[in-house]
Amino acid sequence: MSSVAVVVSERLARYGFGDGHPFGPDRHAAFVREFAARGLDRRVRVLEPRTATDEELRSFHSREYLEFVRERSARGTGFLDAGDTPVFRGMYEAAACVVGATLSAMEAIMHGECRRAFVPIAGLHHAARDHAAGFCVFNDCGVAIELLKRAGLRRVAYVDIDAHHGDGVFYAFEDDATVVFADLHEDGRYLYPGTGMAEEIGRGAACGTKLNLPLPPGSDDQVFARVWPHVTAHVAKFDPEFIILQCGADSLEGDPITHLRFSAQVHGRAARELAAVAERCGHGRVLALGGGGYNRTNLARAWTAVIENLM
Ligand SMILES: [Zn+2]
């Protein structure tokens, strides 16, 4: 048994907003080329994604929002939000497949078929329970967390190193102490979505379970090295039963829409150290989700570094 599974499928490439859009359908192929070039396809268990059911999507999203996406998807024109997320025909099915890919990987881990897994294209952390945002239609991270809670887990950790704040996950679980959250991102004063201030630490019973670390534009590997230990310490403190890593590659230097300057080594270190935390928790469960990344070379480097460091 390989300890790591990776979802690879042309079906994931259908989730894209057209050629020329930063989130184009070519992102999957850019990843797969590097994945094969490094021989990773022979060293991991390759999984096919399934499609998430409506009931699974409803664990996170409102019924009204799902109907809205279904209707727009059939029509195939316009936007789901104020202008970031254009509609394409078949969008509902493509987005449900991204969620299904995350669930396939999550189930492989929970059933003991692998210890850790990676899913490209997934990690759509901006989608809220009742609306789309920032290229994100359905929030696969949120659905996975809801289903892990239904399965009886009492602590699920979500760590996010994408350049953008994971607002769709943060605000959905802001008052939920089950969800341990840690997110380092470019300061919201300089980058979409403008949230994730250090004072945002969770509400009510969840106060203190959330860690937001906004970084100034231009932050590099040295800045990461200073703040990252706070993330691993925060996660380890709560002894989570499952760890999700949203490893968006748009925090690498050279991304066309952000201003952080990490190298792919940051993504590799994040994966390796969270895997170590998960081992110390006694289960080893880490699910890494690709997230953003709009420079194709960068996403290929960062995501393969994550897989190599999960092995
Ligand atoms: Zn991003």
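Any value given below was found using the heavy atoms of this structure, including those in side chains, with hydrogens, waters and symmetry copies removed. Numbering of ligands and ligand atoms starts at 1, following listing order.
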| field | Any residue meeting side-chain contact (heavy atoms from CB on, under 4.5 Å) with E71, in chain and number order, not counting sequence neighbours | value | R75

| task | Tell me, please, if H125 has any N/O/S atom, main chain or side chain, under 2.8 Å from the Zn ion (ligand 1)? | result | no

| task | Check side-chain contact (heavy atoms from CB on, under 4.5 Å) between D220 and all other residues, then give those that pass, not counting sequence neighbours. | result | Q222, V223, R261

| Under the 3.5 angstrom rule, does the side chain of Y158 hit a backbone N or O of Q246 as a donor-acceptor pair? | no

| note | Taking the Zn ion (ligand 1) as the apex, H164 ND1 and D250 OD2 span an angle, rounded to 10°, of 100°

| task | Have a look at D162 and say which of its N, O or S atoms is nearest the Zn ion (ligand 1). | result | OD1

| request: Ignoring hydrogens and angles, state whether a donor on the side chain of Y192 or D167 is under 3.5 Å from an acceptor on the partner side chain. | output: no

